[in-house]
Amino acid sequence: MRASVWFFICAAGLLCSAGEEVVRLQELEGNTVTIHTGLTGVQSDAHILWFYISESVDIKIVISLIIRGEIITDYDSERFRDRLQLNRTSGSLTIRNISREDSGVYKLHIITGISSVWSFIVDVYAPVSKPVIRHQAEKCSVSLRESCSPLCSVENGKDVSLSWYEEKERISSISSSDSSERLYLPLNKTNPDCSTYTCVAANPVSTQTTQLDITELCYEPVSDLKAEEVPESAVLIPAGLIVALSVLFLLYWTKTCKQQVYQYVKLNYTEVKSTSQYSEEAHKKGSAGVTEDQRTLVVYSAIRT
């Protein structure tokens, strides 16, 4: 991307001459970037110098001279190593595999008896992350539709914004200069007549989108609830019923077994009385000293039923 504006004061506190055009470039890290000067032909004997200036450094990165008819170009920078390439015809500079650390001000000096200066502000961005959509409600089911509020979030970064779109219309947006904090944006209201909601994360050089499937996210059947989402009472009631039934069965079984054992070993006793021959004869003779108990023999007979 390129935007051209006129400044009297350059970015990063650099003083520029009045009327100097400053070109801003916004690039994606990892790309090969060419800083175009817009010139179509630089004098063959011109001296060309490129400088890189940031908050921490101010260094010369390219010098190209004509000495005794021979072009000598020196890429005098450990910072950029072998990533630079100068086009002497236009003065344009190509940077390979550009990184966010390469953001800053690039100044071109072309000396042909007079000195001409061009300034370029280069902002390098990482690709924005893909946004994630989840629901805010702890429980979502067919009976809890009104409590489910989709929440979109994305990792924050330089100039990152997060937006909700209803169809193609943006309905809300958020950004933060604190890149250490993740961005969150709820979708507070949904239109029942609209079937397409999209969360969009963007920075100046990249965009990522995630489409909301509100049916899948918020209207889950009750049978699909996770185990931890089942109400505690729904677990305790069946458990208590099982325990009570088990106790009743145990009592019934114990009582039944006792009755069976008791009936099995129950004995009926029948009393049989017999009078001994001796006792009868002694009675007839009137024998003295013989009691009734001595004359009667009692026998108990056990009968199994």
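- A distance-only check finds a donor-acceptor pair linking the side chain of N156 to the backbone of S176 [under 3.5 Å].
- Nearest heavy-atom pair, V124 versus D102, reported as atom, atom and distance to 0.1 Å: CG2-C, 4.5 Å.
- Under the 4.5 Å side-chain heavy-atom criterion for grouping Ile, Leu, Val, Met, Phe, Trp and Tyr, I61 is not connected to F51 through any hydrophobic cluster.
- Taking each heavy atom of I133 and C199 in turn, the nearest pair found is CD1-CB, 4.1 Å.
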Take T196 and Y165, measure what side chain to side chain contact (heavy atoms under 4.5 Å, CB included) needs, and give me the verdict at the end.
-> CA-CA 8 Å; T196 304; Y165 283 79; over 6 Å; no
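- Closest approach of A46 to I66, counting heavy atoms only: O-CG1, 4.4 Å.
- Residues S153 and R134 are not in side-chain contact: their nearest non-hydrogen atoms beyond the backbone lie 4.5 Å or more apart.
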Begin from the C-alpha positions of W50 and Y75 and carry the test ring pair (Phe, Tyr, Trp, His ring centres under 6.0 Å) through to its verdict.
-> CA-CA 9 Å; W50 275 97; Y75 299 97; over 10 Å; no
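- Counting heavy atoms from C-beta outward, L162 and V160 have side chains that stay 4.5 Å or more apart.
- Look at R100 and D123 and you find no salt bridge, because none of the NZ, NE, NH1 or NH2 atoms lies under 4.0 Å from a carboxylate O.
- Checking S172, S175, S173 one by one against S163, the side-chain hydrogen bond (donor to acceptor under 3.5 Å, both in side chains) holds for a single residue, S173.
- Of all heavy-atom pairs between A201 and P131, the closest is CB-CD, 4.0 Å.
- The neighbour count for R182 CZ, taken as heavy atoms of other residues, nucleotides or ligands under 6.0 Å away, is above 12.
- Residue E167 holds its CD atom at 8.0 Å from OH of Y197, rounded to the nearest 0.5 Å.
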Please report the C-alpha distance between R88 and V42 in whole Å, then the side-chain angles of each, then the deciding distance to 0.1 Å, and finally whether the side chain to side chain contact (heavy atoms under 4.5 Å, CB included) criterion is met.
-> CA-CA 7 Å; R88 272 197 60 89; V42 176; 5.5 Å; no
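- Few gaps surround CD on Q208; more than 12 heavy atoms of other groups in view lie less than 6.0 Å from it.
- Checked against ring pair (Phe, Tyr, Trp, His ring centres under 6.0 Å), F80 has the following partners two or more places apart in sequence or in another chain: Y52.
- Without hydrogens or angle criteria, T210 side chain to V132 main chain gives no donor-acceptor distance under 3.5 Å.
- Between V23 and I121, the closest side-chain pair of non-hydrogen atoms is not below 4.5 Å.
- K130 places a side-chain N or O within donor-acceptor distance of the main-chain N or O of T209, the cut-off being under 3.5 Å.
- Hydrophobic clustering of Ile, Leu, Val, Met, Phe, Trp and Tyr side chains at less than 4.5 Å, counting indirect connections, unites I174 with V128.
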Please walk me through it: do T94 and T32 pass side chain to side chain contact (heavy atoms under 4.5 Å, CB included)?
-> CA-CA 7 Å; T94 298; T32 296; 3.6 Å; yes
Derivation and outcome, side chain to side chain contact (heavy atoms under 4.5 Å, CB included), residues V105 and F120 | CA-CA 6 Å; V105 177; F120 305 85; over 6 Å; no
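- The two residues L185 and L151 make their nearest non-hydrogen contact at C-CD1, 3.7 Å.
- At distances below 3.5 Å, at least one donor-acceptor pair connects side-chain atoms of R96 with backbone N or O atoms of D82.
- Of all non-hydrogen atoms in L86 and G91, the two that sit nearest each other are CD1-O, 3.7 Å.
- Put simply, the side chain of T37 gets close to the backbone of S90: a donor and an acceptor are under 3.5 Å apart.
- Here the side chains of I95 and I35 are in contact, with some heavy-atom distance below 4.5 Å.
- Using modelled atom types, no side-chain atom of S115 and backbone atom of I111 make a donor-acceptor pair closer than 3.5 Å.
- In this structure, the side chains of P186 and Y184 stay at 4.5 Å or more apart for every pair of heavy atoms.
- How far CD1 of I48 is from CD of Q43: 10.5 Å, rounded to the nearest 0.5 Å.
- Side chains of K107 and S119 form a contact here, defined as non-hydrogen atoms less than 4.5 Å apart.
- A search for ring pair (Phe, Tyr, Trp, His ring centres under 6.0 Å) contacts involving Y125 returns nothing, not counting sequence neighbours.
- With sequence neighbours left out, the ring pair (Phe, Tyr, Trp, His ring centres under 6.0 Å) criterion links W164 to no other residue.
- Using a distance-only test at 3.5 Å, with no hydrogens or angles considered, a donor-acceptor pair links the side chain of D178 to the main chain of S180.
- Between the NE2 atom in H109 and the NZ atom in K60 there is a gap of 11.0 Å [rounded to 0.5 Å].
- With rounding to the nearest 0.5 Å, the separation of CD1 in I63 from OG1 in T73 is 9.5 Å.
- V62 and I71 are not part of a single hydrophobic cluster, where members link through side-chain heavy atoms under 4.5 Å apart.
- Side chain of N97 to backbone of R83: no donor-acceptor contact under 3.5 angstrom is found.
- How far CG of L93 is from OG1 of T34: 8.0 Å, rounded to the nearest 0.5 Å.
- Rounded to the nearest 0.5 Å, atoms OG (S103) and CD (Q26) are 10.0 Å apart.
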